[in-house]
Novice: 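This is the structure I want to talk about, given as structure tokens.
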Amino acid sequence: MAASETVLRVPLGTLSTSCYLASFLVNSTPSLSFKPVSRNRTGLRCTNLHEISRVSKSLARGNSLHSPNCGFKGKKLVFTICKCQKHDVEENIRSTLLPSEGLSNELKSDLDEMPLPVNGSLSSNGNVPSAGPKSIEDEAWDLLRQSIVYYCGSPIGTIAANDPNSTSVLNYDQVFIRDFIPSGIAFLLKGEYDIVRNFILYTLQLQSWEKTMDCHSPGQGLMPASFKVKTVPLDGDDSMTEEVLDPDFGEAAIGRVAPVDSGLWWIILLRAYGKCTGDLSVQERVDVQTGIKMILKLCLADGFDMFPTLLVTDGSCMIDRRMGIHGHPLEIQALFYSALVCAREMLTPEDGSADLIRALNNRLVALSFHIREYYWLDLKKINEIYRYQTEEYSYDAVNKFNIYPDQIPSWLVDFMPNRGGYLIGNLQPAHMDFRFFSLGNLWSIVSSLATNDQSHAILDFVEAKWAELVADMPFKICYPAMEGEEWRIITGSDPKNTPWSYHNGGAWPTLLWQLTVASIKMGRPEIAEKAVELAERRISIDKWPEYYDTKRARFIGKQARLYQTWSIAGYLVAKLLLANPSAANFLTSEEDSDLRNAFSCMISANPRRTRGRKKAQQPFIV
Ligand code: GLC
């Protein structure tokens, strides 16, 4: 590793200043420096010496933004942009992309609906899209490129939505870590690696940036939910501005939800980057290795919990609002398992990491056993639960979590097909959440958290329940929706999560990509093909909504954004993978023999399996 790439990453508490200073090299772009910032004005600052008028001229010519030359002014790098000139740039872009003279009113209003490039950028190749009929895929690429966010002239991510008609932007103008994953994969599959590399390295610098909520800071290693490139006045010079990266760890998010999934997705994307590009230099960097370890330490830290699953609050993943998923939701467990497997592959053995690797391996075994055994649900298992004995105080209880059979919901009895099954949404003492959550199930297949048989059974289930899970638009985020009193109590009467809308049984086109990876992995791509075909009937006409409502996903979601980037990217990844299924390998993981052996040892010692065979021990009498 080149000396210039070494990054100073110091635990915050060990510095006398509130922040730390880091510098690193991003691709071929000039070295960027980050100056220490105050506690409450957190964010990375990058500055360069380009004058905006030069950038503006370049944009007007239709050229792509070139990497700027960053330079030092005094002790820090400065990005010299004058506010009024910045405004000129936006005007330039609008007039380049949206020529208004000589157009019919109809065409003008169509153009007005087109999303604008973000941060004043044109498409990454700098070209104005050519006229003429476009395929849905071409349109999707144009839109994806228009959603690219630039920082100091380098592409670093994509905004969540680029909906020109939305009256309230909220935080959809930010780069969400989870939303960028399908964008990043689409770019990797297209051979455009820089944006992914930049995203990985910049977000790493945001990790554990000190952020507080009411004086409390989250654990070190936490990755933000999202970040924004802000242009702010330069300290001491009102006529100048600089760009800063401002992360949100949930301290500004609706409901103040903690983004537990961000770091896990970051590790998964990092491994995908290495596998796809063959460039292992990123994952081998000292700062990146440290970043991986910090995420792992946070996840593997001892707590009060008895279970190997991660204990989290409601809304800590894609479902980022109160939906009754606090505890041990499947989505987090699948991503956790996947991140552990990916990290194991990438960690370079060195003195001092042996304990961490041991803890990681132990957790992998315990986690896979726990999920495969206790989360699995099929007709046979429902029948077992139906006949459960309760109040078993013993070491070898069959009904370990004291589930009362009356909990089996009436919808499930008829819903479960004879063939197939799935992993339930959550498991707690005396509580099984029987809802089907798509992302957790699909990612359990992708990561091999589910066994081979279970993975096939999940896909059998998807096929058997196509009318409910897919219907008119893939793919329901969960099934079924909560209604009535249950909705009122569990969501807190959330008007956005009404039955069959948004997180409460809405259909999310972005899930297409996970469905595609899972079905390709299991050698059943026809499932994804069918789903993509369905999506293509409407998704572009409907302007790429964030989600669809109603039981059959017939309406564009009540409050859905249009031109939602991960709907666009999810579709693209599905198309690209179906055209080149072997590329799915850089996202999937196969179970290795060590894990398989450990798993079979545990399974043969499990009382649920052995009770019938050997005489059960006498339960303790209380
Ligand atoms: C919604 C989704 C969340 C996503 C965000 C930005 O809040 O629930 O998963 O990251 O929008 O698209």
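Just follow the structure's listing: the first ligand is 1, and inside any ligand the first atom is 1. Just so you know, these numbers come straight off a predicted model, no measurement behind them.
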Novice: Run through L330, I332, L367 and flag the one making a side chain to side chain contact (heavy atoms under 4.5 Å, CB included) with T309.
Specialist: L367
Novice: Once you round to the nearest 0.5 Å, how far does CG of L577 lie from OG of S519?
Specialist: 9.5 Å
Novice: Tell me the nearest of V175, T565, D320 to atom 7 (O) of ligand 1, using heavy-atom distances.
Specialist: D320
Novice: Does at least one non-hydrogen atom of H503 fall below 4.0 angstrom from an atom of ligand 1?
Specialist: yes
Novice: Would I319 count as being in polar contact with ligand 1, using the rule that some N or O on each side must be under 3.5 angstrom apart?
Specialist: no
Novice: Is any side-chain N of the basic residue among E192 and R145 closer than 4.0 Å to the acidic one's carboxylate O?
Specialist: yes
Novice: At the 4.0 Å heavy-atom cut-off, does R321 count as touching ligand 1?
Specialist: no
Novice: If you count heavy atoms of other groups shown closer than 6.0 angstrom to CZ of F555, is the number above 12?
Specialist: no
Novice: For ligand 1 and W566, I'd like to know whether there is a polar contact (N/O to N/O, distance under 3.5 Å).
Specialist: no
Novice: Mark up the atoms of ligand 1 that fall under 4.0 Å of a heavy atom belonging to M318, in ascending order.
Specialist: 2 (C), 3 (C), 8 (O), 9 (O)
Novice: Side chain, backbone, both or neither: which part of Y502 has a heavy atom under 4.0 Å from ligand 1?
Specialist: side chain
Novice: Do other residues, nucleotides or ligands put more than 12 heavy atoms under 6.0 Å from the NZ atom of K551?
Specialist: no
Novice: Number the atoms of ligand 1 from 1 as they appear, then name those within less than 4.0 Å of a heavy atom of E546, with their elements.
Specialist: 1 (C), 11 (O)
Novice: By number and element, which atoms of ligand 1 are closer than 4.0 Å to a non-hydrogen atom of Q564?
Specialist: 12 (O)
Novice: Using a plain distance cutoff, I'd like to know if W508 has any nitrogen or oxygen under 3.5 Å from a nitrogen or oxygen of ligand 1.
Specialist: no
Novice: Please state which protein non-hydrogen atom is closest to atom 10 (O) of ligand 1 and give its distance, to 0.1 Å?
Specialist: D179 OD1, 2.6 Å
Novice: Can you spot which of F176, W443, F180 makes a ring-ring contact (aromatic ring centres under 6.0 Å, His included) with W265?
Specialist: W443
Novice: Sort out for me which residue in W544, W513, W566 forms a ring-ring contact (aromatic ring centres under 6.0 Å, His included) with Y571.
Specialist: W544
Novice: Under 4.0 Å from a heavy atom of A160: give me the atoms of ligand 1 that qualify, with their elements.
Specialist: 6 (C), 12 (O)
Novice: Heavy-atom contact check, 4.0 Å cutoff: does R561 meet ligand 1?
Specialist: no
Novice: Considering the options Y547, W487, Y479, which one meets the ring-ring contact (aromatic ring centres under 6.0 Å, His included) requirement together with W500?
Specialist: Y479
Novice: Hey, are K530 and E463 close enough for a salt bridge, meaning a charged N less than 4.0 Å from a carboxylate O?
Specialist: no
